[in-house]
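Proteins come first, then strands; the chains are lettered A, B, ... in the order of their sequence lines, and each starts at number 1. All values below come from the heavy atoms of this structure, side chains included, with hydrogens, waters and symmetry mates left out.
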Amino acid sequence: MLDPRLIRNELEETAQKLLKKGATLDTSTLAELEAKRKSLQVKTEQLQSERNKSAKSIGKAKSQGEDVAPLLAAVADLGDQLKEAEASLSETQSALDEILMGIPNLPHESVPYGKSEEDNQEVRRWGEPKAFAFEVKDHVDLGAALGLLDFETAAKITGARFSVMTGALAKLHRALITFMLNTHTKDHGYTEIYVPYLVNRESLTGTGQLPKFEGDQFVTTSEQGYCLIPTAEVPITNTMRGDILEADALPLKYVSHTPCFRSEAGSYGRDTRGMIRQHQFEKVEMVQFVKPEDSYAALDRLTEHAETILQKLELPYRVVNLCGGDLGFSAAKTYDLEVWLPGQDRYREISSCSNFESFQARRMKIRWRNPETKKIELLHTINGSGLAVGRTLVAIMENYQDEEGRVHVPKVLQHYMGGIKVLDSTV
RNA sequence: GGAGAGGUGGCUGAGUGGCCGAAAGCGGCGGUCUUGAAAACCGUUGAGGGUUUGUCCCCUCCCAGGGUUCGAAUCCCUGCCUCUCCGCCA
């Protein structure tokens, strides 16, 4: 959520900034509602004050044994007036809140202008896409030939956009998770955390998936209406919901492996082949709670932490600064890591590292005591994938294939694989 | 699933209709003392919002949402959560 003060005092400038993100504000409706809220609030508080005063004097009179009947008569209709005023105030306030909760975060000034993926700005590249002396296969063909990756069976069990992995491929998938978690906990100072995979609606509202993106979630029909997490960002960030953190506890850095569930509504026909876009996938996620002044430096560090995984796996990638139009709802700035996929002859997103500034913290009331101002202030949240495990597996399969259709195991993963160095039809 | 107890400020914990935004203790902060520190003593210390930018006033908040009442932390209803015992279970 944006600071309501921006809507009150800097409405036009805010609307202007949101254009970069491709969002338009209905400024006249907002201004109207805000004016209404103001007058209703003043009126309501006046009535409340009156009620408090009269209640107090009645109490005093009663304790002195005076006749309170005339006093009671004087406030007879106050209750109804107050009830009415409170009702219209809360009505106006919720109308305002509903709009406010649907306004995306403002983009940081360093975010480039643009409408889509095409306009993202390449920041840097690492590694050189390998030149293959043979016709490369994509991961689907490689996996099928090895007999380790099976989409038909997944479709039978469940439906489209699911996969079944067996044997050494399933093991490699698991090895990746352990490798990533170990790297972030040992080398990058993150605390591993295990969280629920079903969350309530407050949590999804806190990080920004609700109310606007209900259609993207898998909602259960349980009594509580729990939702499957679309990313570990949701449960991890919400661990601190409503908390006030001490300055010396910051930054807090958490890493977690969870499955992620996404309905992929609206992506029909995109990436229908293979494991790139699934309803269920594993992800290792890093989340940090940081002081506002540190958040952009922390975003750079966190992005590097994600890059480290790709570098250790020796997978070529590039970093892009997302343009305004491609930026997510809650993000002020996002770096995407895109890994080279020989099967597609292009770079594909494998991690998304974002600074949300105080946008999520305001929704969740996550605050800290600032020793300098001696005040309680909102902190900043940042997070990033480190990495999307399924896509990393795809990248390994395609980048480490050989002419015989075998897949070599990256050096850093070999000791997680119990000595298996090559995935061929015998493993 | 059955039975019971309970949710109060950073923490512990008192408060069963008005004098309660809330005792007391701990913690935090400031001070006295001290070469410095500790101890002791004194003082201070919740959050959000409105109005105003005048620390002057006002409002809201004692799990959440309703209700009763002139007046609710306190009474009633619903929900959520925690704890104890029994049952069941990975």
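The base-pairing partner of B/U82, taking Watson-Crick or G-U wobble contacts with both distances under 3.5 Å, is B/A5. Under the Watson-Crick or G-U wobble criterion, with both distances below 3.5 Å, B/A72 is left unpaired in every strand shown. The nucleotide B/C29 finds its pairing partner in B/G43, both defining distances of the Watson-Crick or G-U wobble pair being shorter than 3.5 Å. Pairing partner, B/A24: B/U12, with both Watson-Crick or wobble hydrogen-bond distances short of 3.5 Å. In this structure, B/C88 makes no Watson-Crick or G-U wobble pair, since no nucleotide meets both defining distances under 3.5 angstrom.
Counting any heavy atom pair closer than 4.0 Å across all strands shown, A/Ile376 reaches sugar-phosphate atoms only and no base atom. At a threshold of 4.0 angstrom between heavy atoms, the contacts of A/Lys375 with the nucleic acid are absent.
A/Arg273 and A/Asp138 are joined by a salt bridge, as a carboxylate oxygen and a charged side-chain nitrogen come within less than 4.0 angstrom of each other.
When the P atom is used for both B/U45 and B/A22, the distance is 11 Å, rounded to whole Å. To the nearest whole angstrom, the two C1' atoms, one in B/A14 and one in B/G67, are 27 Å apart. Nucleotides B/U52 and B/C58 place their C1' atoms 11 Å apart, quoted to the nearest Å. Spacing between B/U78 and B/G4 at atom P, rounded to whole Å, works out to 14 Å. Separating the C1' atom of B/C41 from that of B/U34 is a span of 14 Å, rounded to the nearest Å. With P as the reference atom, B/G7 and B/C62 are 14 Å apart, rounded to whole Å. Distance noted for atom C1' between B/C63 and B/U44: 29 Å (whole Å). The same atom, P, is picked in B/A38 and in B/U32; the two are 14 Å apart, to the nearest Å.
A side-chain donor-acceptor contact under 3.5 Å links A/Ser90 to the backbone of A/Ala87. Listed for the A/Asp119 side chain is a donor-acceptor partner under 3.5 Å among the backbone atoms of A/Ser116.
Rounded to an integer number of Å, the gap from A/Asn200 CG to B/G65 C1' is 16 Å. Here B/G67 presents its C1' atom at 14 Å from CD of A/Glu86, a figure rounded to the nearest Å. As a whole-Å value, the separation of A/Asp80 CG from B/U68 C1' is 14 Å. Put simply, CG on A/Leu40 is 18 Å from P on B/C59, counting in whole angstrom units. Rounded to an integer number of Å, the gap from CG of A/Asp97 to C1' of B/G48 is 14 Å. At whole-Å resolution of the value, CG in A/Asp3 and P in B/G49 are 9 Å apart. As a whole-Å value, the separation of A/Arg369 CZ from B/C11 P is 10 Å. The CD atom of A/Glu377 sits 12 Å away from the P atom of B/A47 (whole-angstrom rounding).
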Considering only nitrogen or oxygen atoms on both sides, find all protein atoms under 3.5 Å from nucleotides 52-58 of chain B and state each distance.
residue: B/C58; atom: O3'; partner: A/Ser49; partner atom: OG; Å: 3.4

Give every pair of a protein N or O atom and an N or O atom of nucleotides 70-81 of chain B that lie under 3.5 Å apart, one pair per line with the distance.
residue: B/C70; atom: N4; partner: A/Lys62; partner atom: NZ; Å: 3.4

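The ring-ring contact (aromatic ring centres under 6.0 Å, His included) pairs that include a residue from residues 54-111 of chain A are A/His108-A/Tyr296, where partners are two or more places apart or lie in different chains. Residue pairs meeting the ring-ring contact (aromatic ring centres under 6.0 Å, His included) criterion with at least one member in residues 184-203 of chain A, sequence neighbours excluded, are A/His184-A/His188, A/His184-A/Tyr190, A/His188-A/His305, A/Tyr190-A/His305, A/Tyr194-A/Tyr197. Among pairs with a residue in residues 216-253 of chain A, those fulfilling ring-ring contact (aromatic ring centres under 6.0 Å, His included) read A/Phe218-A/His279, at least two apart in sequence or across chains.
In terms of the side-chain hydrogen bond (donor to acceptor under 3.5 Å, both in side chains) criterion, A/Thr158 has no residue partners (sequence neighbours excluded). Contacts of A/His415 classified as side-chain hydrogen bond (donor to acceptor under 3.5 Å, both in side chains), with partners at least two apart in sequence or in another chain: none. Remark: A/Lys333 pairs with A/Ser110, A/Tyr335 by the side-chain hydrogen bond (donor to acceptor under 3.5 Å, both in side chains) rule, at least two apart or across chains.
Residue A/Thr27 comes nearest to A/Ala15 through the heavy atom pair CG2-CB, 3.8 Å, listed as atom of the first residue, atom of the second, then distance.
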Donor-acceptor contacts under 3.5 Å from residues 388-400 of chain A side chains, at least two apart:
residue: A/Arg391; atom: NE; partner: A/Ile276; partner atom: O; Å: 2.9
residue: A/Arg391; atom: NH1; partner: A/Glu349; partner atom: O; Å: 2.8
residue: A/Arg391; atom: NH2; partner: A/Ile276; partner atom: O; Å: 3.1
residue: A/Thr392; atom: OG1; partner: A/Ala388; partner atom: O; Å: 2.6
residue: A/Glu398; atom: OE1; partner: A/Gly343; partner atom: N; Å: 2.8
residue: A/Glu398; atom: OE2; partner: A/His139; partner atom: N; Å: 2.8
residue: A/Glu398; atom: OE2; partner: A/His139; partner atom: ND1; Å: 2.9
residue: A/Asn399; atom: ND2; partner: A/Trp340; partner atom: O; Å: 2.8
residue: A/Asn399; atom: ND2; partner: A/Ala395; partner atom: O; Å: 2.8
residue: A/Tyr400; atom: OH; partner: A/Leu313; partner atom: O; Å: 2.5

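Mapping A/Arg5 and A/Thr44 onto RNA chain B by nearest heavy atom places A/Arg5 closer to the 5' end of the strand. Across the interface with RNA chain B, nearest-nucleotide mapping of A/Arg367 and A/Glu34 shows A/Arg367 to be the residue nearer the 5′ end.
A sub-4.0 Å separation between OP1 or OP2 of B/U68 and a side-chain N or O of A/Lys83 is present.
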